[in-house]
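Just so it is clear, the structure is predicted and the values come from calculations on it, not from any experiment. Read the numbers this way: they start at 1 and go in the same order the structure lists the ligands and their atoms.
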Amino acid sequence: MWVVLQALLIIPTQKAAGEGLKIMTIAIYESALIRHFNTRKEALRAWEEKIGCRSSPFRGYKMPDSRLYIEQPDFLDSIVDLVLTNERHIFIRGPVGSGKSTLMLLALRDLPTLMDRRGNRFAVGYVGMSGLYEKQMASAIADALRIKYKRSWETNEIIEAVSAECVRRYIEEKSRTALFIEDVADNQEAAFHKIRYLADLPTEEMKESYKGALDEPIVTLIMSGTMEYWNAMLNFLPQIADRTEPLDVPALDNQKAKEFVARRIAYAQGKIDVFDKDSFEIHPFTDKAIELINTAAKGNPRDIRMLARGCEQVAADEFSKNGDPTVTQGIAKLVTEAYAALLKEVH
Ligand SMILES: Nc1ncnc2c1ncn2[C@@H]1O[C@H](COP(=O)(O)OP(=O)(O)OP(=O)(O)O)[C@@H](O)[C@H]1O
Ligand SMILES: [Mg+2]
């Protein structure tokens with residue numbers, strides 16, 4: 001069997017520019033790869049259709065959707081407490097894929113709608129890039145907080161503009177600043193000293209000149225990183241680490257792993273808005289299958305998603321053979337074993 005690819009190869013040749021476009025038709029044999037690719041896609045589509053989904057429940061999304069978020073109430077409580085009491089900065093600590101960025105992005109969105117006990121609101125900014133030098137960091141912070149500066153400025157001038165604006169927002173708008181910085185220890189050391197300056201605001205001078213109007217920290221840092229990065233920060237930047245509370249992102253337990261799978265299925269079915277976390281369906285997954293997946297993933301949401309996607313592949317193949325879409329314990333065992341080496345390497 002071979003296919004004719006009606007490829008519209010649009011070739012504007014240099015000389016013929018303006019003369020129009022050449023259209024070519026090329027014929028190629030369907031390669032084994034293409035055949036497998038298409039068969040796979042068909043099998044997946046049939047499986048998804050069978051369970052009433054419009055797309056794969058385990059696809060990745062660029063931006064987190066709070067309806068897919070599995071809440072860990074104690075963990076969220078501790079973050080809220082720390083932000084409200086305004087005594088310490090926060091370090092969201094967890095392995096790769098544990099949900100640090102997801103949480104930060106959701107908090108970034110929610111914080112501006114809240115008010116602390118003194119009636120302060122929050123101006124928020126998010127620095128998602130890492131590996132920055134000091135000037136890049138200063139510019140990234142100013143951009144994140146929507147503070148104007150000139151490209152020609154020195155790092156210190158940018159940081160001065162940022163701190164002046166944070167003070168102004170506090171005094172005039174009753175807004176504390178919450179600055180989210182991802183993978184914080186992955187930046188150049190010099191960049192840290194700028195962060196630290198902001199972390200310590202207001203300065204003694206500012207406190208004096210504003211006589212009592214600046215009597216609490218005005219910038220809260222909400223940083224993220226792995227345990228290794230936290231340890232590096234303790235060693236190299238004790239000035240920040242000493243004033244920072246590390247909070248570990250909890251792993252998902254089996255019940256939450258089931259909710260994770262169920263929410264994603266409901267989302268792909270277009271039923272997420274009626275999802276009930278106290279009573280939900282995990283079909284076509286079985287309890288045992290999810291427990292196996294969660295054990296292999298050690299409760300890490302990114303790995304649960306990857307394993308669930310692997311299970312979807314195998315279940316789809318089985319479905320095309322025997323008409324049963326179930327993700328059995330056997331399928332989960334097969335998939336978790338196949339991924340075991342990969343998971344070990346990553347962690
Ligand atoms: N609590 C949660 N509920 C539902 N899904 C989650 C949760 N936490 C994380 N996820 C999902 O897990 C995946 C990884 O999350 P995220 O990117 O936030 O992890 P991370 O800790 O920032 O990883 P990295 O170290 O790679 O930056 C994403 O697909 C995200 O949607
Ligand atoms: Mg992240």
Side-chain angles (χ1 to χ4, degrees), residues 55-80 90-111 125-132 140 144 179-187 221-233 246-268 271-273 275-278 280 282 285 290 293-294 296-312 339 342-347:
S55 59
S56 168
F58 306 109
R59 52 177 284 210
Y61 300 100
K62 267 233 176 76
M63 284 304 292
D65 185 317
S66 59
R67 295 173 298 176
L68 292 176
Y69 191 70
I70 308 302
E71 277 181 34
Q72 308 266 14
D74 295 342
F75 176 60
L76 293 180
D77 273 350
S78 359
I79 295 181
V80 170
I90 300 173
F91 189 100
I92 312 253
R93 187 167 66 180
V96 170
S98 57
K100 303 180 294 294
S101 304
T102 306
L103 177 74
M104 279 185 138
L105 290 169
L106 292 174
L108 182 76
R109 204 194 49 197
D110 291 346
L111 214 46
Y126 175 76
V127 177
M129 286 173 306
S130 57
L132 305 179
L179 185 57
F180 293 76
I181 304 181
E182 289 266 26
D183 301 314
V184 66
D186 207 10
N187 294 294
L221 298 181
I222 300 163
M223 301 166 276
S224 74
T226 59
M227 183 61 98
E228 289 72 25
Y229 279 145
W230 167 254
N231 287 334
M233 197 157 123
L247 288 180
D248 288 304
V249 184
L252 302 191
D253 60 20
N254 283 342
Q255 184 57 24
K256 294 216 185 288
K258 285 171 197 169
E259 188 187 333
F260 176 94
V261 169
R263 273 192 193 270
R264 282 184 161 263
I265 292 172
Y267 189 87
K271 295 181 185 161
I272 191 65
D273 290 320
F275 188 87
D276 176 359
K277 85 192 230 314
D278 298 317
F280 53 77
I282 56 168
F285 282 77
I290 299 183
I293 290 172
N294 195 40
K298 300 203 181 73
N300 181 301
R302 190 205 52 185
D303 294 342
I304 297 172
R305 181 167 77 79
M306 180 179 76
L307 292 171
R309 204 166 47 186
C311 287
E312 175 184 355
Y339 278 93
L342 184 71
L343 286 172
K344 214 190 262 162
E345 241 167 68
V346 174
H347 292 294

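A donor-acceptor pair is defined here as one N or O able to donate and one able to accept, closer than 3.5 Å; no such pair exists between the side chain of D303 and the backbone of G97. Between the D183 side chain and the S130 main chain, no donor and acceptor come within less than 3.5 Å of each other. Between the side chain of T226 and the backbone N or O of G94 there is no donor-acceptor pair closer than 3.5 Å. A side-chain donor-acceptor contact under 3.5 Å links R305 to the backbone of F58. At distances below 3.5 Å, not a single donor-acceptor pair connects side-chain atoms of R93 with backbone N or O atoms of K100.
Residues lining ligand 1 at a heavy-atom distance below 4.0 Å are given as L68, Y69, I70, P95, V96, G97, S98, G99, K100, S101, T102, F260, P301, R302, R305, ordered by chain and residue number.
Checked for salt-bridge contact, D273 and R67 meet the test: a charged N lies under 4.0 Å from a carboxylate O.
Checked against a 6.0 Å centroid threshold, the rings of Y61 and Y267 count as neighbours.
Considering only residues two or more places apart in sequence or on other chains, K256 meets the side chain to side chain donor-acceptor pair (under 3.5 Å) condition with none of them. With sequence neighbours left out, R263 forms a salt bridge (Lys or Arg N to Asp or Glu O under 4.0 Å) with E259.
Near the Mg ion (ligand 2), less than 2.8 Å away, sit the protein N, O or S atoms S101 OG.
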